[in-house]
Amino acid sequence: MLEYGRDSNGRRMQTSKAGFPTKAAAQSALQEVVRTFMADVNVTSLTVGEYLQTWLDGKHALKPKTMALYQDLTRLYLVPNLGRIRLLELRAHHLDRMYSAIVLGRRGRPLSPSTIRRVHAVLRSALNSAVKRRLIPYNPANHIELAPENPKRPRPWTAGQCGTFLEHVADDRLANLYHLLLVTGMRRGEAIGLRWEDVDFTGRCLFVVQQITEVHGHSVVGTPKTKRGTRLVPIDDETVAMLRRHQEAQGIERVAWGPAWNDAGLVFTREDGRPLRPEYATRHFQALSQDAGLPVIRLHDLRHSNASLALEAGVELKVVSERLGHSQISVTADLYTHVSRGLGRDAADRIAAALKTTRETLPSAFLAQGPENGPQKGDEAGVHP
């Protein structure tokens, strides 16, 4: 057992570990723990709030939108509830109290289980890093039970609803953006970040290499969401023709604006060439959906509509996953289980129909044969190679 100071109430702070095969092994482990505590003389006074700020400052690989989410969850929930506790004193019961407190949310709006799980994921990641850096002996966030999450299932439109929408918005300035989202399944940020140099008219494909996301009201250009998000997306002849017409229309706008035109090289822009705001594209889409008398869904659900229609049309799951840029094919399979069940029932019906057809075409005399009057052992028909 190692004693490494006293807490704010004067109680001794101790840590222990057992199960070593030999005394020498236990002594070696003790020396390693002592080196950990001696490496930073301030480790015993480091608070959770101070550590979280240091941890966030070192997260250089996070995408801007993810970093903003981490910062918001830390500022709104983790620091107010855990910030003053010493990192070495943090225990599971502190976390239990925090989750009981924040479940009520802010301004009287309860937090959803998914938001609480995001808060927990940020804290667990931060504490895992603290364990790796040997600032704490174990991660108390690994011993917490959270309420089950009820993930929102996709709400895709049917083929008929998609057609109705495209007809209704045919004359809208952003109609081509929504058309592209439906036929390619691209993410909102990927389509808004698409550049003309990423469009191969001859090869009939798009190269997804960047996205534009919105962080606290500001547009941010970055790489796609996942490594597989950087991909090639084949497109059909009608979409190629649509993009050519769109390019011509954009050329007219460029001439009309003259020197004031903002040449960002993007396919979909505002009237003066500046990038579209992702949130505006969503709000405008939902307003158009309501005007068309259709179920108001998220803009992201056009991506789900594309995937559902593709699977229902018989496109292989692997191909759909590659077009969507999912990190793993299991992500696609999990998201579209409702389509898979329908295809499974269709497959069952087809198999049953095939067996029924085969049975109906067999000679009735053969079907009437039983074991006693069927081919006997040694008969030519009964010998199986």
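Atom set for the values below is all heavy atoms of this structure, side chains included, hydrogens, waters and symmetry mates excluded. Keep in mind that this is a model prediction, so the values were computed, not measured.
Ala68 and Val215 make their closest contact through CB-CG1, 3.4 Å (heavy atoms, listed as atom of the first residue, atom of the second, distance). For Val208 against Gly229, the heavy-atom pair with the smallest separation is CG1-O, 3.5 Å. Across every non-hydrogen atom of Gly273 and Ala264, the tightest pair is O-CB, 4.1 Å. Residues Thr226 and Ser327 share a closest heavy-atom pair of CG2-CB, 4.1 Å. Residue Thr239 comes nearest to Asp236 through the heavy atom pair OG1-OD1, 2.6 Å, listed as atom of the first residue, atom of the second, then distance. Scanning all heavy atoms of the two residues, the minimum distance from Leu177 to Ala191 falls at CD1-CB, 3.7 Å.
Residues Leu180 and Leu194 are in side-chain contact: their nearest non-hydrogen atoms beyond the backbone lie under 4.5 Å apart. You'll find the side chain of Asp301 stays beyond 4.5 Å of the side chain of Trp157, heavy atoms only. At least one side-chain heavy atom of Gln210 sits under 4.5 Å from a side-chain heavy atom of Val221. Counting heavy atoms from C-beta on, the side chains of Thr74 and Gln71 never come closer than 4.5 Å. Within the 4.5 Å cutoff, side-chain heavy atoms of Ile212 are placed close to those of Leu266. Between Phe285 and Leu181, every side-chain heavy-atom pair lies at or beyond the 4.5 Å cut-off. Looking at heavy atoms from C-beta onward, Thr184 lies out of side-chain contact with Asn306 at the 4.5 angstrom threshold. Looking at Tyr178 and Leu288, their side chains come closer than 4.5 Å, going by heavy atoms from C-beta outward.
Here the NE2-CE distance, from His93 to Met98, works out to 12.5 Å after rounding to the nearest 0.5 Å. The line from CZ of Arg274 to CH2 of Trp261 is 11.0 Å long, rounded to the nearest 0.5 Å. To the nearest 0.5 Å, atoms CZ (Arg245) and CD (Gln250) are separated by 15.0 Å. Residue Arg86 holds its CZ atom at 10.5 Å from CG of Leu46, rounded to the nearest 0.5 Å. One finds the CG atom of Leu302 at 7.5 Å from the OG atom of Ser289 (value rounded to the nearest 0.5 Å). Of the inter-residue distances, the one linking Asn142 atom CG with Arg124 atom CZ reads 7.0 Å to the nearest 0.5 angstrom.
A donor-acceptor pair under 3.5 Å links the side-chain atoms of Asp198 to the main chain of Arg195, judged by distance alone. Side-chain atoms of Gln161 come within 3.5 Å of backbone N or O of Thr158 as a donor-acceptor pair. Between the Gln286 side chain and the Ile297 main chain, a donor and an acceptor come within less than 3.5 Å of each other. Side-chain N or O atoms of Arg117 include one that pairs as donor or acceptor with a backbone N or O of Ala147 at under 3.5 Å. A donor-acceptor contact shorter than 3.5 Å links the side chain of His246 to the backbone of Val267.
A salt bridge (charged side-chain N to carboxylate O under 4.0 Å, His left out) with Glu214 holds for exactly one of Arg283, Arg277, Lys65; it is Arg277.
The pair Arg231-Glu190 meets the salt-bridge criterion, with a side-chain N (NZ, NE, NH1 or NH2) lying under 4.0 Å from an Asp/Glu carboxylate O. The residues Arg204 and Asp237 are annotated as salt-bridged, a charged nitrogen and a carboxylate oxygen being separated by less than 4.0 angstrom. No salt bridge links Arg270 with Asp272; every basic N to acidic carboxylate O contact stays at or beyond 4.0 Å.
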- Report the C-alpha distance between Thr282 and Arg188 in whole Å, list the side-chain angles of each, state the deciding distance to 0.1 Å, and finish with yes or no for side chain to side chain donor-acceptor pair (under 3.5 Å). CA-CA 9 Å; Thr282 294; Arg188 178 184 69 175; 2.8 Å; yes
- Stepwise side chain to side chain contact (heavy atoms under 4.5 Å, CB included) test for Leu324 and Val331: CA-CA 10 Å; Leu324 295 177; Val331 174; over 6 Å; no
- Item | Chi angles and distances behind the side chain to side chain donor-acceptor pair (under 3.5 Å) call for Asn128, Ser125 | CA-CA 5 Å; Asn128 277 337; Ser125 177; 6.0 Å; no
- Message: Please determine whether side chain to side chain contact (heavy atoms under 4.5 Å, CB included) holds for the pair Leu78 and Val119, giving the CA-CA distance in whole Å, both sets of side-chain angles, and the decisive distance to 0.1 Å.
- Response: CA-CA 8 Å; Leu78 296 179; Val119 174; 3.6 Å; yes
- Message: Show, in sequence, the C-alpha distance, side-chain angles and deciding distance for Phe207 and Thr230, and conclude whether the side chain to side chain contact (heavy atoms under 4.5 Å, CB included) test is met.
- Response: CA-CA 8 Å; Phe207 297 94; Thr230 301; over 6 Å; no
- Item | Residues Thr115, Ser112; criterion side chain to side chain donor-acceptor pair (under 3.5 Å); working and verdict | CA-CA 5 Å; Thr115 300; Ser112 67; 3.0 Å; yes
- Message: Using the rule given for side chain to side chain donor-acceptor pair (under 3.5 Å), can you reason through His94 versus Asn81, listing the C-alpha separation, both sets of side-chain angles and the distance that settles it, and then say yes or no?
- Response: CA-CA 9 Å; His94 294 123; Asn81 291 278; over 6 Å; no
- Would you please test Tyr70 and Leu52 for side chain to side chain contact (heavy atoms under 4.5 Å, CB included) and show each step? CA-CA 10 Å; Tyr70 278 30; Leu52 287 174; over 6 Å; no
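No hydrogens or angles considered: nothing links the side chains of Thr54 and Asp57 as a donor-acceptor pair under 3.5 Å. Inspection of the Ser129 and Trp55 side chains reveals an N or O donor paired with an N or O acceptor under 3.5 Å.
Note on Leu166: it clusters hydrophobically with Leu243, by side-chain heavy-atom contacts below 4.5 Å among ILVMFWY residues. Clustering ILVMFWY residues whenever any of their side-chain heavy atoms sit less than 4.5 angstrom apart, transitively, puts Ile192 in the very cluster that holds Trp196. In the hydrophobic clustering of ILVMFWY residues, with side-chain heavy atoms under 4.5 Å counting as a link, Tyr51 and Leu76 come out together. Under the 4.5 Å side-chain contact rule for hydrophobic residues, Leu87 and Tyr138 do not share a cluster. Tracing side-chain contacts under 4.5 Å through hydrophobic residues (I, L, V, M, F, W, Y), one reaches Leu174 starting from Val199; they form part of the same cluster.
The list of salt bridge (charged side-chain N to carboxylate O under 4.0 Å, His left out) pairs with a residue in residues 173-182, not counting sequence neighbours, reads Arg173-Glu253.
Relative to the six-membered ring of Phe201, Arg244 meets both conditions, a distance below 6.0 Å and an angle of at most 45° to the axis.
Residue Glu279 places its CD atom among more than 12 non-hydrogen atoms of other residues, nucleotides or ligands, all under 6.0 Å distant. Remark: Arg75 CZ is packed, more than 12 non-hydrogen atoms of other residues, nucleotides or ligands lying under 6.0 Å away.
Contacts of Asp96 classified as side chain to side chain contact (heavy atoms under 4.5 Å, CB included), with partners at least two apart in sequence or in another chain: Ile144.
Ring geometry for His300 against His304 counts as perpendicular: the plane angle is over 60°, on a 0 to 90° scale with 30° as the lower cut.
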